[in-house]
Number of protein chains: 2
Amino acid sequence: MSKRTEKTIVDIAEELSLSVSTVSRALNDNPNISARTKERVKKMARKLGYRPNTMAAGLRNNKSKTIGLVVPRISMFFPATISTVIQNKLQEHGYNLLICQSNDSYEQEIALADTLYSARVDALAVSTTLYTTDFSHFDVFNDNNIPLVFFDRVPKDYGVKVIKGDDYLGGFTVTQHLIEKGCKDIVHISGPLTCNLYVERVAGYKSALRKYKIPFNKSRIFYHELTRENAWQTCEKIFAQKPYPDGIFAANDTTAITILEYCRKINLRVPEDIKVTGYSNDPRAEIITPSITSVDQCPAMMGERVAAALLALLQQPKSTPKKYSEEIIPIKLITRASTEGPDVVLKKQGKGKG
Amino acid sequence: MSKRTEKTIVDIAEELSLSVSTVSRALNDNPNISARTKERVKKMARKLGYRPNTMAAGLRNNKSKTIGLVVPRISMFFPATISTVIQNKLQEHGYNLLICQSNDSYEQEIALADTLYSARVDALAVSTTLYTTDFSHFDVFNDNNIPLVFFDRVPKDYGVKVIKGDDYLGGFTVTQHLIEKGCKDIVHISGPLTCNLYVERVAGYKSALRKYKIPFNKSRIFYHELTRENAWQTCEKIFAQKPYPDGIFAANDTTAITILEYCRKINLRVPEDIKVTGYSNDPRAEIITPSITSVDQCPAMMGERVAAALLALLQQPKSTPKKYSEEIIPIKLITRASTEGPDVVLKKQGKGKG
DNA sequence: AAGAAATATGCAAACGTTTGCATTTAAAAT
DNA sequence: ATTTTAAATGCAAACGTTTGCATATTTCTT
């Protein structure tokens, strides 16, 4: 009694004494079906409660109208914002999004690539784990001409469309800012160098030091996953002996926040005694006291671009020779109390764009 | 040259001079295929680079191994956390998740229900828009015995499995807390009453007032979407005339944060002059100064329960008579500086569970 | 050594669409 | 009225699996 209610175009055809092909074409607004027939078919479809079956169509057409998205974590601010934008944009264009998270596990990422291929997604967008350096699990998409776009955390030397932030410039700008605010001994807390983001931010950091003739001290950089726990431990190391640094460039905001807490604990004033910067412009950076200078990576813009790139690639015929362009999303330094000086009275901002 | 590389079980069968049925069974570890044959088939599958086609299998089996998830917004803290948990849990069980956002638009929600049905999702989990009061767009799932679970924002009187927070108790507890801290004139900023969450929180609020014999003043409740902009405007109304309230129960943390900013602007001290509470225990609530008393809704637990409910429903045969149980997820009052007294020196918390 | 039982494999239909090609019907041109 | 052209519809195969049933092969009984 349950399964017998599932209506198909065959039922519509029978009901109207038409062929299934006519019904199919009518539903798809094929131009050589008469207006009258289209009307009748659509009306009957409604009457019978007909629901198209995407899988059947997909099988026949070899397209699923579904796009895969692989990110490390969907609840982190930056990928969450990007995912939101991508999802909305693709939804507008009739695509569904299979959103998956690798949880920064290389093995999970491989498994996901596999199942998403099996689902025959029409395209795939991915931001890799921190530890992905071999990208061969994505070969199958390339080999079969399935649009493949990497963003934010992207491969090195893997022929593919890439959309990334300007992490070199971000690292440079934020370091330069610290220097201009008077810092002479700047610690950098970085993520692991297996990830392009951190390689570039470190490069930017070094480059700024060089520009201002500040000697680079290798032991002033710490590398680890940027969690709260790790950040706390690193603080313990940093402040185990003097001289204390007068600036810390943290490669994410969670780390910067943790540093602030640690400084409060050891009665170090920010920004008077030490200046601190984060990265990503997490909403918390604006709200904490002192508010944290950070780097806005324009996640919404990145999301837009990723979606646009996917749609563009989906448009063009499979045979189009690929060119692997790289798009760079700009960054914006957001200066706040953690580097600017004593915390000023917050200006009213409630009426803003939020 | 591109399409010709897509291998199917037919290719495997030919290569080994076996029938497709045997190959299919071998790949699915059907018990009456010999171990030797299974070996040969799997080896050949690997050799040919065979990739199963989920759509074909899905069409045949009438199951897609895909589950739909509809939430208002995937980037908001609460649904994001829930989505994360659900996605990970279902992934473990071999299901893909189609995550969609309604953007709190009723029309979009209807469209999503439609396309998710067309995708023949094996189950659907949804948290509705603020304005959904008619749920008939989900009838098709019920009618076809497709597991359907609502969570957080759930229907009223719509026969279906429901998993929700204890919003009545949340409203009651937080109001009681304000009263116990000495508040006698408590404003409540609520979301629209089309959504069950706010109906219940308001009920809890009233109930607490009653218990402590505090007269209820209808004009002390404000109803609107809980955005920053709206909150600011409401603050302007509230503080346009004296007497000021001595406590505000905001139905989300964004609103509470905005209130804090407004109070700072008009030089009202929190919690000395006025106490403020939020809802949801957004990460920002902990980090702002003063930190904000809020209600932890245990999103991870809710996610776990939703996933478990989906899996349980998927397990049982389609014919099982449905019973529409309602699960209530507990809430936890997290008291912080915004109600507790002058901001104390933050105790070290870096080493904690984060 | 023969039949019975168990194990392994094959055949063919089915899932719900779409689409190239063939055919019918209607409209236009002579 | 007859031929030519255009418009509308139908036939049947195909997409890649799975599965009930039938058949072939092996193993066990006696």
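Just so it is clear: chains get the letters A, B, ... in the order the sequence lines come, proteins before strands, and each one is counted from 1.
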Chemist: Take atom CD1 of A:Ile33 and atom C1' of D:dT9, then tell me their distance rounded to the nearest Å.
Modeler: 6 Å

Chemist: What's the closest nucleotide to the A:Ser21 side chain, out of D:dG10, D:dT9, C:dT9?
Modeler: D:dG10

Chemist: How is A:Ser34 classified with respect to the nucleic acid when contacts are heavy atoms under 4.0 Å: base, sugar-phosphate, or nothing?
Modeler: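 Contact class for A:Ser34: sugar-phosphate only.
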
Chemist: Any chance CD of A:Gln316 has more than 12 other-residue heavy atoms, nucleotides or ligands included, within less than 6.0 Å?
Modeler: yes

Chemist: Look at the side chain of B:Thr37 and decide which nucleotide, out of C:dT9, D:dT9, D:dT17, has an atom nearest to it.
Modeler: C:dT9

Chemist: Give the rounded distance in Å between these two atoms: CG of B:Asn32 and P of C:dA5.
Modeler: 19 Å

Chemist: Would you call A:Asp104-A:Arg73 a salt bridge at under 4.0 Å N-O?
Modeler: yes

Chemist: Of B:Asn30 and A:Pro52, whose closest DNA chain C nucleotide lies nearer the 5' terminus?
Modeler: B:Asn30

Chemist: Starting at atom CZ of B:Arg60, determine the distance to atom P of D:dC15, rounded to an integer number of angstrom.
Modeler: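 Value for this atom pair: 18 Å.
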
Chemist: Please state how far atom CG in B:Asp11 lies from atom P in D:dC15, giving the value in whole angstrom units.
Modeler: 11 Å

Chemist: Which nucleotide wins on minimum distance to the side chain of B:Thr8, given the candidates C:dT17, D:dT17, C:dT19?
Modeler: D:dT17

Chemist: Between A:Glu15 and A:Arg40, is there a salt bridge with N-O shorter than 4.0 Å?
Modeler: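 Between A:Glu15 and A:Arg40 there is no salt bridge, as every charged N stays at least 4.0 Å from the carboxylate O atoms.
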
Chemist: In whole Å, what is the span from the CG atom of A:Asn28 to the P atom of C:dT18?
Modeler: 5 Å

Chemist: As a test of reading the structure: which of D:dT19, D:dT17, C:dA8 is closest to the side chain of B:Asn53, going by heavy atoms?
Modeler: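 The nucleotide sitting nearest to the side chain is D:dT17.
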
Chemist: Once you apply a heavy-atom cut-off of 4.0 Å, does A:Arg51 come out as touching a base, just sugar-phosphate, or nothing?
Modeler: sugar-phosphate

Chemist: To the side chain of B:Arg25, which of D:dC21, C:dT18, C:dC15 is closest?
Modeler: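 Comparing D:dC21, C:dT18, C:dC15 against the side chain of B:Arg25, the answer is D:dC21.
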
Chemist: In this structure, how many angstroms lie between the P atom of D:dT19 and the CG atom of B:Leu27, rounded?
Modeler: 13 Å

Chemist: Is any side-chain nitrogen or oxygen of A:Asn61 closer than 4.0 Å to OP1 or OP2 of C:dT19?
Modeler: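 Yes, within the criterion.
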
Chemist: Any idea which heavy atoms bring A:Thr132 and A:His137 closest together, and the distance?
Modeler: CG2-CE1, 4.0 Å

Chemist: Counting heavy atoms from C-beta on, name the nucleotide in C:dG16, C:dT18, C:dT9 closest to the side chain of A:Ala56.
Modeler: C:dG16

Chemist: Ring centres under 6.0 Å, that's the criterion: do A:Phe138 and A:Tyr158 meet it?
Modeler: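 Ring centroids of A:Phe138 and A:Tyr158 are no less than 6.0 Å from each other.
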
Chemist: Could you tell me whether B:Ser17 contacts a base, only the sugar-phosphate backbone, or nothing, with contacts defined as non-hydrogen atoms closer than 4.0 Å?
Modeler: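 Contact class for B:Ser17: sugar-phosphate only.
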
Chemist: Rounding to an integer number of Å, can you tell me how far B:Lys63 NZ sits from D:dT17 C1'?
Modeler: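 In whole Å, D:dT17 C1' and B:Lys63 NZ are 14 Å from each other.
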
Chemist: Name the closest nucleotide to the B:Leu59 side chain, picking from D:dT17, D:dG16, C:dC11.
Modeler: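 So the nucleotide nearest the side chain must be D:dG16.
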
Chemist: Between D:dC15 atom P and A:Met55 atom CE, what is the distance in whole Å?
Modeler: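 Value for this atom pair: 19 Å.
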
Chemist: Which of these nucleotides, D:dT17, D:dA14, C:dC11, is closest to any side-chain atom of B:Ala57?
Modeler: D:dT17

Chemist: Please compare A:Ile9 and B:Pro31 by the position of their nearest nucleotide in DNA chain C and report the one closer to 5'.
Modeler: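 Between the two, 5'-proximity favours B:Pro31.
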
Chemist: Nearest heavy-atom pair of A:Leu69 and A:Ser83: which atoms, and what distance?
Modeler: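 Taking A:Leu69 first and A:Ser83 second, the nearest heavy atoms are CD2-OG, 3.7 Å.
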
Chemist: Heavy atoms from C-beta onward define the side chain here; which of D:dT19, C:dA8, D:dT9 lies closest to that of A:Leu18?
Modeler: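 Ranking D:dT19, C:dA8, D:dT9 by closest atom to the A:Leu18 side chain puts D:dT9 first.
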
Chemist: Can a side chain N or O of B:Thr22 be found less than 4.0 Å away from OP1 or OP2 on C:dG10?
Modeler: yes

Chemist: Return the nearest nucleotide to the side chain of A:Ser19; candidates are D:dT9, D:dT18, C:dT17.
Modeler: D:dT9

